[in-house]
Trainee: 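The structure that follows is given in the form of structure tokens.
Note that this is a predicted model, so its numbers are computed, not measured. Start at 1 with the first residue, then count along the sequence. These values consider heavy atoms only, across backbone and side chains, with no hydrogens, waters or symmetry-generated copies.
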Amino acid sequence: MALLITLITCFVIPFATSQTCQTPDDFVAATSPGHVIIGGLFAIHEKMLSSEDYPRRPEIQKCVGFEISIFLQTLAMIHSIEMINNSTLLSGIKLGYEIYDTCTEVTVAMAAALRFLSKFNSSREIMEFKCDYSSYMPRVKAVIGAGYSEITMAVSRMLNLQLMPQVSYESTAEILSDKIRFPSFLRTVPSDFYQTKAMAHLIEKSGWNWIGIIATDDDYGRMALNTFAVQTTANNVCIAFKEVLPAFLSDNTIEVRINETLEKIIAEAQVNVIVVFLRQFHVFNLFSKALERNINKIWIASDNWSTATKITTIPNVKRIGKVVGFTFRRGNMSSFHSFLQNLHIFPSDNNKVLNEYATLLSACAYVKDSDLSQCISNHSQGTLAYKVNKDIERNFSLRNDFLWNYTEPGLVHSIQLAVLALGYAIRDLCQARDCQNPNAFQPWEQIQSKCSKECSPGQMKKTTRSQHICCYECVNCPENHYSNQTDMDHCLLCNNETQWAPVKSTACFEKEVEYLSWNDSLAILLLALSLLGIMFVLAIGIIFTRNLNTPVVKSSGGLLVCYVILLCHFLNFASTGFFIGEPQDFTCKTRQTFFGVSFTLCISCILVKSLKILLAFSFDPKLQNFLKCLYKPIPIIFICTGIQVAICTVWLIFAAPAVEENVSLPRVIILECEEGSILAFGIMLGYIAILAFICFIFAFKGRKLPENYNEAKFITFGMLIYFIAWITFIPVYATTFGKYLPAVEIIVILISNYGILCCTFFPKCYVILYKQETNTKSAFLKMIYSYSSHSASSLAMSHVSLDSSSSNITATNPSSGGRPAAWQESRDIRAQAFAHTRRENVASMSKTWPRKRISSI
């Protein structure tokens, strides 16, 4: 019974923390089967022990120094693959993995790369030599890693042979961006060019100009140092010293070089800022010794160690000074946190690093969390026994927070992006093939595939709700934006004042300059109407000249007045030409003032005619006397026109119209005349409207004059047309935009001009041409006498009616049975008064009316 209990609770298996490689399978750190296998390279141990044999044998030695942070990176890859397998991204296709421990040694990483390239499903672990590897099927389809740039470069040069995709989550060396030397290398982090640029900018903005640099003696360190030195020199920052440490811990001189570097720091007492391009184990040793020497500086941390828990948990690390670091972008860590919480139930079969961690955790079961990392690292230097019992599971569950505290979110996120990028590439390749067959595609085909399709010029990347920056949608650039390269993060804005671009544009285009040109169809139509109006004016002038001595022409005020009005109409029609064509300063200043003065002169002449007509046919003595005093033709015309000239002069002096480029439209520049002062423009038009309204009132009072010679009625109609046109103009002009804005005013000018011209002259031309029998002196006198008699009778009747109404104020209404005597007497008085008034008026008017009225008219 005791033996059975012992076998159950304390079954012991001899287990070396990192066994010497005996077979290729011993070399694998963690593996899981699948239809598509992805390789992984992680420096889970700090270094590889040196061989004590002499002569030295070409064999892979044991690795020591278990790194918790790198172990977590391995778990991040495993977790990301499991997440894809449990999702619908690769339906029916399972991803497997083979993860190798590089032991922070290029030699070990090269051995892993050889196994990646070995032929798939071969009885022997061999890599065939071929001139063309296009159809070669290696053991894995892609590789994630390594973390350190020096190792990544060596591995990448081997993987380039088969163009096997290699996606690094941490290698930031700038040289890896060279697609000629590293055609199959990809990464999910930015290169050191941007990091060193940010560091140099930080130092410049902080006002530091005397600094030191410490870097590793490898491609990563030397390139970062050189790039940073160039950028700081450009910012007038001087470098006091450059110290270089051995790249790998297996180098026996590393302790000596760290001490020499610290002596240099102490000697350069004026240097208070030190930029550090080192790995975590370098910084750990450097800071530990610096604390012993009480060195306190400002340390600029590279992304390799800026967030490392191994550094932040150094005892009394705050005494080292201030650390300013740069790190990678973080993502959503909730899923990975849950994975760590349940790590104790995760299958440990074929996962040597998980078993090793469990053993080390059990060995350090009674060590507090702050010392646990160091305990694990120290114990991993030797050989431990792995106990399969319940204590292992209990230690896992109790130490979950320890792993979470050592997690570096930026690196975990980068690993997740790398796995997801490969997942999307495999999904795209497997849409048209059966990827459950391992021979469905070759590794190099994945290089042509991405998480998202490449955005073409004219488009930009728009990140989806996913946390992954590699997955995005391609959206067209909006109007007035463009992109001229593939996969641009944002579209560039055109110069809105002079350029435009359509949707999905790859370049900006110069805006076309537009204005109401002479060859525009609307402009041609308006010019034709203006020319037609000018022809009407000339025709009317000829007709009036040939019929100068007829009553109709004489009643129009004579040839001089008619010529002045016709000249104004001619100028109004001609002024429309200033609104067409490319705007110039001269035309902008001329067109409104030219129209305003000529139209005012026209209305002033018509106003004088309205006054004259009203005076000639007025029977009211009071009104007649008032009109006689008011009727001064030449002063009226000069004063009315002079006021408008003054308004336009003030306008031109203080706020003259000028040419303006209207760039508010997206595709064109509208060249237009800016009126200078809307108030002055409104006053000019308002003044014309006031004159037109006065003219309308006078003409309206004389609307019942003789039919064939009645100008007042037609002037009334002309003024109504003017008012309707210009009242409509105000809202239309205010809402119209673009090159056709001048056409609105041209149309209104034509409507009002045609209206006044037609109402003023066309009826007279009709009488002259088609009713010549009425355009004689005898017919004119006969019409006057008839109108005078009718007007005198109406006037007498109105007087009698007025007197009768006065006499009947006290009369009573007649009854239905008969008319009283008072009503009969009243009727007789009204009849007598009417006859008397009629005789007086007829006699008086027969003597004075014809001579007076004819001469007046």
Side-chain angles (χ1 to χ4, degrees), residues 24-25 27-29 31 33-42 60 77 81 93 95-102 106-169 171 173 175-188 418-419 421-430 432-451:
D25 288 337
F27 189 39
V28 182
T31 183
H35 300 112
V36 178
I37 305 299
I38 297 176
L41 293 174
F42 296 89
I60 298 175
M77 175 179 169
I81 291 175
I93 303 170
L95 293 182
Y97 55 84
E98 279 191 12
I99 298 175
Y100 293 84
D101 179 10
T102 65
V106 174
T107 306
V108 179
M110 297 287 280
L114 285 172
R115 192 149 200 247
F116 289 149
L117 297 174
S118 63
K119 192 171 184 179
F120 172 74
N121 209 18
S122 174
S123 58
R124 295 181 297 169
E125 302 276 347
I126 59 171
M127 190 188 89
E128 295 183 358
F129 173 78
K130 288 178 173 288
C131 295
D132 183 0
Y133 284 96
S134 298
S135 59
Y136 183 81
M137 193 63 61
R139 187 181 186 89
V140 299
K141 300 293 188 183
V143 175
I144 291 179
Y148 199 48
S149 297
E150 181 82 1
I151 297 175
T152 300
M153 290 181 212
V155 171
S156 181
R157 285 187 166 94
M158 290 192 65
L159 299 181
N160 286 344
L161 183 63
Q162 297 182 13
L163 284 182
M164 180 178 289
Q166 179 188 9
V167 185
S168 177
Y169 51 87
S171 299
I175 192 175
L176 288 168
S177 298
D178 187 345
K179 285 299 178 184
I180 296 177
R181 283 183 279 186
F182 305 99
S184 63
F185 174 79
L186 306 163
R187 55 185 165 194
T188 56
V419 174
L422 290 175
Y424 275 102
I426 293 168
R427 181 201 64 178
D428 293 344
L429 286 171
C430 295
R433 37 188 130 186
D434 180 17
C435 285
Q436 291 186 352
N437 177 5
N439 298 318
F441 65 90
Q442 279 70 38
W444 59 269
E445 294 181 77
Q446 297 174 85
I447 299 177
Q448 311 300 323
S449 182
K450 297 182 178 180
C451 172

Trainee: Once rounded to the nearest 0.5 Å, what's the spacing between atom OG of Ser177 and atom CZ of Phe182?
Mentor: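 These two atoms lie 10.0 Å from each other.
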Trainee: I need the minimum non-hydrogen distance between Ile99 and Phe42, along with the two atoms involved.
Mentor: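 Scanning both residues, the minimum pair turns out to be CG2-CD1, 3.6 Å.
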Trainee: Who are the ring-ring contact (aromatic ring centres under 6.0 Å, His included) partners of Tyr97, not counting sequence neighbours?
Mentor: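 Expected list: none.
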Trainee: So which heavy atom on Ala440 is nearest to which on Asp434, and how close?
Mentor: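 Taking every non-hydrogen atom into account, CB-O, 3.2 Å.
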Trainee: Under 3.5 Å, is there a donor-acceptor pair between the side chain of Tyr133 and the main chain of Pro138?
Mentor: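 Here the side-chain-to-backbone pair does not exist.
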Trainee: Might you point out which heavy atoms bring Ile37 and Pro33 nearest each other, and give the distance in Å?
Mentor: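 Looking at all heavy atoms of both residues, the closest pair is CD1-C, 4.2 Å.
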Trainee: Is Ile38 close to Met77 at the side-chain level, that is, under 4.5 Å between some pair of heavy atoms?
Mentor: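 Yes, at least one pair of side-chain atoms sits under 4.5 Å.
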Trainee: Would you mind reporting whether Tyr136 and Gln442 have side-chain heavy atoms less than 4.5 Å apart?
Mentor: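 The answer is no, as the side chains (C-beta and beyond) never meet within the 4.5 Å cut-off.
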Trainee: Spell out, as yes or no, whether a donor-acceptor pair under 3.5 Å connects the side chain of Ser168 to the backbone of Ala146.
Mentor: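 At least one qualifying donor-acceptor pair exists.
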Trainee: Keeping to residues at least two apart or across chains, list the salt bridge (charged side-chain N to carboxylate O under 4.0 Å, His left out) pairs with something in residues 134-149.
Mentor: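 The answer is Glu98-Arg139, Glu125-Arg139.
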Trainee: Using only atom types and a distance under 3.5 Å, with no angle test, would you say the side chain of Ser184 pairs donor to acceptor with the backbone of Trp444?
Mentor: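 Answer holds: no.
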Trainee: Can you list everything that forms a side-chain hydrogen bond (donor to acceptor under 3.5 Å, both in side chains) with Thr107? Sequence neighbours excluded, please.
Mentor: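 Per chain and number, Thr107 pairs via side-chain hydrogen bond (donor to acceptor under 3.5 Å, both in side chains) with no residue.
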Trainee: With a 4.5 Å limit on heavy-atom distance, are the side chains of Leu159 and Leu117 in contact?
Mentor: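 SC-SC contact between Leu159 and Leu117 confirmed.
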Trainee: Between atom CD1 of Ile93 and atom SG of Cys430, what is the distance when rounded to the nearest 0.5 Å?
Mentor: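 Ile93 CD1 to Cys430 SG: 4.0 Å, rounded to 0.5 Å.
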Trainee: For the residue pair Asp101 and Val108, establish whether any side-chain heavy-atom pair is separated by less than 4.5 Å.
Mentor: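 Asp101 vs Val108: side chains apart.
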Trainee: To the nearest 0.5 Å, tell me how far Lys119 NZ sits from Ile126 CD1.
Mentor: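 Here the interatomic distance stands at 7.0 Å.
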Trainee: Please identify each residue that fulfils salt bridge (Lys or Arg N to Asp or Glu O under 4.0 Å) with Arg433, with sequence neighbours left out.
Mentor: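 By the salt bridge (Lys or Arg N to Asp or Glu O under 4.0 Å) rule, Arg433 matches Glu445.
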Trainee: Which heavy atom of Gly145 sits nearest a heavy atom of Thr152, and at what distance?
Mentor: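 Where Gly145 meets Thr152 most closely, the heavy atoms are C-OG1, 4.4 Å.
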Trainee: For residues Leu114 and Met110, determine if any side-chain heavy atom of one lies less than 4.5 Å from a side-chain heavy atom of the other.
Mentor: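 Counting from C-beta outward, Leu114 and Met110 never come under 4.5 Å.
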Trainee: Would you indicate whether the side-chain heavy atoms of Ile144 and Leu422 approach each other to under 4.5 Å?
Mentor: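 Leu422 reaches Ile144 side chain to side chain.
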Trainee: How would you list, by chain and number, every residue that makes a ring-ring contact (aromatic ring centres under 6.0 Å, His included) with Phe441, sequence neighbours excluded?
Mentor: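 By the ring-ring contact (aromatic ring centres under 6.0 Å, His included) rule, Phe441 matches no residue at all.
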Trainee: Short question: side chain of Asn160, backbone of Arg181 - any donor-acceptor pair under 3.5 Å?
Mentor: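 Checking the backbone N and O of Arg181 against the side chain of Asn160, a donor-acceptor pair under 3.5 Å is found.
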Trainee: Over 60° means perpendicular and under 30° means parallel, so classify the ring planes of Tyr100 and Phe116, tilted if in between.
Mentor: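 Geometry flag for Tyr100 against Phe116: perpendicular rings.
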Trainee: Is the shortest side-chain heavy-atom distance between Thr102 and Val155 below 4.5 Å?
Mentor: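 Counting from C-beta outward, Thr102 and Val155 never come under 4.5 Å.
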Trainee: So, using side-chain hydrogen bond (donor to acceptor under 3.5 Å, both in side chains) as the criterion, who are the partners of Ser156 when residues are at least two apart?
Mentor: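 Partners of Ser156 under the side-chain hydrogen bond (donor to acceptor under 3.5 Å, both in side chains) test: Gln166.
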Trainee: For His35 and Gln436, work out which heavy atoms get closest and say how close.
Mentor: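 Residues His35 and Gln436, closest heavy atoms: CD2-O, 3.5 Å.
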Trainee: Between Ser149 (side chain) and Ala173 (backbone), is there a donor-acceptor pair under 3.5 Å?
Mentor: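 Yes, because the side chain of Ser149 sits within donor-acceptor range (under 3.5 Å) of the backbone of Ala173.
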Trainee: List the atom of Thr188, the atom of Ala418, and the distance in Å for their closest heavy-atom pair.
Mentor: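 Looks like CG2-N, 3.7 Å.
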